[in-house]
Amino acid sequence: MAVDDTGTAPDGIAGGTVPGLNVADNDTLNGTPVTVGVGGTASITPVTTGPVTVNADGTVTLAPNTPAGSYPVTYEICEVLNPTNCDTAVATVTVGSAPIVAVDDTGGGVNGLTGGVVPGLNVG
């Protein structure tokens, strides 16, 4: 039985593996936790929906430069012994936004009458 999953990425700038999220961790076969990979009891069909990918090993990855938001992806898990015995579930990844820190700037040394560039001040 496939069970829906949720995970959180603090921001989508770098992308990569979503921390603490493996879709197989809560899925079962005949009441027993599934194992995936070589010698496992189940297989996961990799699927990509938008910037989110569910991998064959159950991990979930996020594409770099993903905007903040909620991204659901449906995956399928099948029994190895009976490959037509399958179930689907949804993994939803919530992506946060990176914090922006604005710092006050000060400058001086420009003649107010003639104007000009403030030396040493770059607000960008």
Side-chain angles (χ1 to χ4, degrees):
M1 178 171 83
V3 179
D4 290 348
D5 304 274
T6 59
T8 303
D11 65 65
I13 294 174
T17 302
V18 177
L21 179 59
N22 187 307
V23 298
D25 285 351
N26 61 351
D27 296 340
T28 60
L29 174 62
N30 199 29
T32 303
V34 300
T35 55
V36 294
V38 177
T41 58
S43 64
I44 295 173
T45 303
V47 61
T48 299
T49 302
V52 178
T53 300
V54 174
N55 303 297
D57 65 357
T59 59
V60 178
T61 53
L62 184 66
N65 299 312
T66 299
S70 181
Y71 298 90
V73 59
T74 301
Y75 70 95
E76 182 177 59
I77 189 166
C78 298
E79 182 182 2
V80 171
L81 182 62
N82 300 295
T84 59
N85 181 21
C86 300
D87 197 13
T88 60
V90 176
T92 302
V93 177
T94 302
V95 179
S97 56
I100 297 176
V101 179
V103 179
D104 293 342
D105 301 288
T106 58
V110 174
N111 181 319
L113 179 61
T114 58
V117 176
V118 177
L121 181 62
N122 182 348
V123 295

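Minimum heavy-atom separation, T66 to P51: OG1-CB, 3.3 Å. Heavy-atom minimum distance, D87 versus A2: OD2-N, 2.9 Å.
Under a cut-off of 6.0 angstrom, the local environment of CG in N30 is sparse, with at most 12 non-hydrogen atoms contributed by other residues, nucleotides or ligands.
In this structure, OG1 on T92 lies 7.0 Å from CG on D4, to the nearest 0.5 angstrom. The distance from the CG atom of N65 to the CG atom of D11 is 10.0 Å, given to the nearest 0.5 Å.
With side-chain heavy atoms closer than 4.5 Å counting as contact, directly or through intermediates, the hydrophobic cluster containing Y71 also holds V18, L21, V23, L29, V34, V36, I44, V47, V52, V54, V60, L62, V73, Y75, I77, V93, V95. The hydrophobic cluster around V3 extends to M1, counting ILVMFWY residues whose side-chain heavy atoms fall within less than 4.5 Å of a member.
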Run the side chain to side chain contact (heavy atoms under 4.5 Å, CB included) check on T53 and N55 step by step: do they pass? CA-CA 6 Å; T53 300; N55 303 297; 3.5 Å; yes
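Applying the side chain to side chain contact (heavy atoms under 4.5 Å, CB included) criterion to N22, with sequence neighbours excluded, gives A24, D25, T59.
Residues D5 and N26 meet the side-chain proximity criterion, which asks for heavy atoms closer than 4.5 Å.
Looking at T35, its side chain does come within 3.5 Å of a backbone N or O of T41 through a donor-acceptor pair.
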